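Shown next, in structure tokens, is the structure this report addresses.
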Amino acid sequence: MLLTAGGGGGAGGGRRQTPPLAQPSASPYREALELQRRSLPIFRARGQLLAQLRNLDNAVLIGETGSGKTTQIPQYLYEGGISRQGIIAVTQPRRVAAISLATRVSDEKRTELGKLVGYTVRFEDVTSEDTRIKFLTDGMLLREAISDSLLRKYSCVILDEAHERTIHTDVLFGVVKTAQKRRKELGKLPLKVIVMSATMDVDLFSQYFNGAPVLYLEGRQHPIQIFYTKQPQQDYLHAALVSVFQIHQVSLGSDSGDQQVPLPLRQLTVSFQLSETPASGQQEAPSSQDILVFLTGQEEIEAMSKTCRDIAKHLPDSCPPMLVLPLYASLPYSQQLRVFQGAPKGYRKVIISTNIAETSITITGIKYVVDTGMVKAKKYNPDSGLEVLAVQRVSKTQAWQRTGRAGREDSGICYRLYTEDEFEKFEKMTVPEIQRCNLASVILQLLAMRVPNVLTFDFMSKPSPDHVEAAVAHLDLLGALEHEDGRLTLTPTGRKMAAFPLEPKFAKTILLSSKFHCTEEILTIVSLLSVDSVLYNPPARRDEVQSVRKKFISSEGDHITLLNIYRTFKNLGGNKDWCKENFVNSKNMLLVAEVRAQLRDICLKMSMPIVSSRGDMESVRRCLAHSLFMSTAELQTDGTYATTDTHQPVAIHPSSVLFHCKPACVVYTSLLYTNKCYMRDLCVVDAEWLYEAAPDYFRKKLRTARN
DNA sequence: GAGCACTGC
């Protein structure tokens with residue numbers, strides 16, 4: 001089945017009459033909006049699309065960027081009456097996308113945001129009783145499914161950006177499929193499920209949803225020329241640098257595949273050849289000439305930015321000046337904004353970015369993309385069961401996504417810093433997140449939805465059994481599980497844990513805190529640990545940072561130190577200047593306060609008493625010992641550390657306040673694998689407390705250690 | 001004495 005803009009035909013592919021669109025009003029803005037809406041390629045296929053979707057339980061929709069599928073399909077369904085008996089949900093992997101799409105669609109429907117069209121993301125629910133089209137993050141819908149696994153509110157769920165395969169979308173695939181089946185069995189309102197994806201590779205989606213029909217939508221992507229290097233590149237950083245200046249100096253319109261240029265850097269020239277496959281772009285006069293370079297991380301990006309600026313100073317006068325802008329997630333927001341601002345007249349922008357520019361941030365005016373073919377990503381090693389962050393090759397889909405960033409307003413050019421043969425050897429798809437990370441939260445959520453058997457749950461891409469079993473074992477240690485008639489279910493504790501938007505071990509920490517009379521303190525600590533670090537460490541000002549931070553440091557470890565910082569911040573009323581003086585990230589600090597309020601609410605809802613230990617830090621440390629006992633390390637006779645469970649050699653991370661100390665026994669909140677295996681966020685504990693917390697566990701560990 | 005891609009509840 002193929003739907004294209006030209007072939008669809010206007011109204012009424014089905015027997016029923018498609019309701020007309022509302023008449024344009026007099027407002028020029030609205031008129032423009034309406035015109036724009038009608039000029040989308042998807043518009044001419046509206047009648048046929050609606051007729052198809054009306055009769056289908058499942059459909060997979062492929063639309064290139066610019067097809068308008070995300071804003072239009074929900075409206076078509078609404079106009080077709082699909083939402084009369086239930087809301088239309090549209091999920092997004094990111095908050096900003098959910099919010100801006102809802103804003104856009106409510107504008108197009110000429111309604112106030114939060115009425116007919118609304119959105120729900122963490123900390124923000126802009127919906128009402130009137131809401132029929134609801135945009136929400138995939139994580140949010142998953143959370144809703146915990147209290148109603150049949151998703152009774154909804155008549156239709158649209159899973160958008162499905163090709164990104166976030167862990168939440170992947171779990172939702174199974175949740176909506178189950179809900180759909182159950183609702184049919186119970187004779188309830190049918191649930192329509194529409195999967196939307198940007199990539200053509202959709203067999204997996206279609207197969208999973210019972211052979212759902214695939215509908216193709218035409219997009220508005222401009223042609224992009226692709227060049228591969230003639231030789232494999234040993235040093236992708238070097239190659240990227242050279243490519244940027246080659247692009248910058250080459251005059252446009254040179255159509256030859258060879259781009260050998262007389263440059264001061266000639267000995268370093270990277271030579272490219274044009275790929276034979278994609279259509280070559282017409283040489284239109286481009287509106288903008290900016291360059292987007294994909295690298296792997298902050299350090300690389302900062303170094304390359306500096307080198308580019310240095311070289312740009314010495315370019316011949318015939319060359320336009322260059323504005324070099326780094327881009328990565330931890331860059332302060334104000335600096336991120338600079339990539340959206342126009343460069344001074346005559347300047348060419350060169351944006352050096354992580355994969356944040358692949359999906360999360362869309363920059364206009366990009367003519368050239370330089371793709372190193374590398375990415376820093378989490379990998380899961382099934383043998384050791386460890387997660388490692390490592391630089392690796394991108395997948396083909398990722399490479400295409402990067403390429404697509406060059407053709408958004410006009411024809412573009414993508415330079416791939418690898419050969420076509422190398423490209424052919426890339427993995428077809430990025431390994432979905434669900435096969436790469438810790439599954440404890442996912443399994444807890446599924447059990448909270450009363451999934452009969454988590455080991456055989458119908459995942460689209462199954463995680464390895466070892467992986468699932470490791471998560472089950474972890475939850476068992478936390479006291480979340482019980483075995484009922486050979487079936488895994490949640491204990492009352494497990495059920496409470498699932499209510500918190502936290503890693504299970506942190507949820508358990510909060511639940512235990514009432515026993516130790518330190519809930520106030522633990523709420524703060526857990527909130528601090530569940531957002532990005534509030535500590536800001538500019539390497540150039542290390543001595544300053546150290547002397548300023550001294551006053552907060554506790555010999556009891558990082559948790560207590562963080563608690564001290566938060567308290568001071570609160571006592572001073574969340575003062576921004578104080579944050580600056582003390583190298584504290586104020587944005588993250590405000591987020592901590594927001595998370596803390598949410599967690600506190602959840603505690604109150606389950607009638608937990610919220611008390612403070614009033615300066616008694618030993619209770620706080622005991623509480624941490626009782627919930628994090630499986631993340632323990634002990635000092636060995638040779639002065640090194642080893643974890644208690646697997647005897648893995650570990651070291652105290654230099655960022656810890658305990659770096660120069662040698663406590664006999666610590667609990668840690670995370671392990672970081674780089675050159676060494678480092679423990680981060682440590683707390684000094686008594687070995688006795690640990691045995692007290694989990695006597696069986698430690699007896700078993702001791703036994704295996706002796707064998 | 002070292003380094004943290006990106007999301008999200």
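Below, all heavy atoms of this structure are taken into account, side chains as well, without hydrogens, waters or symmetry copies. Letters A, B, ... are given to chains in the order of the sequence lines, protein chains preceding strands, and every chain is numbered from 1. Fair warning: this is a prediction, and the values are worked out from it, not measured in the lab.
In this structure, A/Phe426 and A/Tyr418 have tilted ring planes: the angle between them lies in the 30° to 60° band.
A/Gln92 contributes no side-chain N or O that, together with a main-chain N or O of A/Asp138, makes up a donor-acceptor pair within less than 3.5 Å.
Distance, A/Gln398 CD to B/dA5 P: 15 Å, rounded to whole Å. Distance A/Asn588 CG to B/dT7 P: 12 Å, rounded to the nearest Å. With rounding to whole Å, A/Leu136 atom CG is found 12 Å from B/dC9 atom C1'.
Picking from B/dC9, B/dT7, B/dC4 the nucleotide with the shortest atom distance to the side chain of A/Val121 gives B/dC9. Closest to the A/Ser360 side chain, of the nucleotides B/dT7, B/dA5, B/dG8, is B/dT7. Distances were taken from every side-chain heavy atom of A/Lys376 (C-beta onward) to each of B/dT7, B/dG1, B/dA5; the shortest belongs to B/dA5. Considering only side-chain atoms of A/Leu389, the nucleotide from B/dG3, B/dT7, B/dA5 that sits closest is B/dA5. Here the side chain of A/Ala329 is nearest to one of B/dA2, B/dC6, B/dC9, namely B/dC6. Nearest nucleotide to the A/Gln298 side chain, out of B/dT7, B/dA2, B/dA5: B/dA5. Checking B/dG3, B/dA5, B/dC9 against every side-chain atom of A/Lys378, the shortest atom distance belongs to B/dA5.
Across all strands, A/Arg165 comes closer than 4.0 Å to no nucleic acid atom at all (heavy-atom distances). Heavy atoms of A/Arg94 sit under 4.0 angstrom from primed sugar atoms or phosphate atoms, though from no base atom. At the heavy-atom level, A/Glu358 lies nowhere under 4.0 Å from the strands shown. Within the nucleic acid shown, A/Phe500 has no heavy atom closer than 4.0 Å to any nucleic acid atom. Residue A/Leu672 is in sugar-phosphate contact alone, with no base atom involved, counting any heavy-atom pair closer than 4.0 Å across all strands shown. Backbone-only engagement by A/Ile356 is indicated by non-hydrogen atom pairs under 4.0 Å involving sugar-phosphate atoms exclusively.
OP1 or OP2 of B/dG8 has not a single side-chain nitrogen or oxygen of A/Thr137 nearer than 4.0 Å.
Considering only residues two or more places apart in sequence or on other chains, A/Phe583 meets the ring-ring contact (aromatic ring centres under 6.0 Å, His included) condition with none of them. Scored by the ring-ring contact (aromatic ring centres under 6.0 Å, His included) test, A/His653 finds A/Tyr678 as partners (sequence neighbours excluded).
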TODO: Show your reasoning for whether side chain to side chain donor-acceptor pair (under 3.5 Å) applies to A/Arg416 and A/Thr403.
DONE: CA-CA 9 Å; A/Arg416 293 183 166 169; A/Thr403 298; 2.9 Å; yes
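For the pair A/Asn355 and A/Glu503, both in contact range of DNA chain B, the more 5′-proximal nearest nucleotide belongs to A/Asn355.
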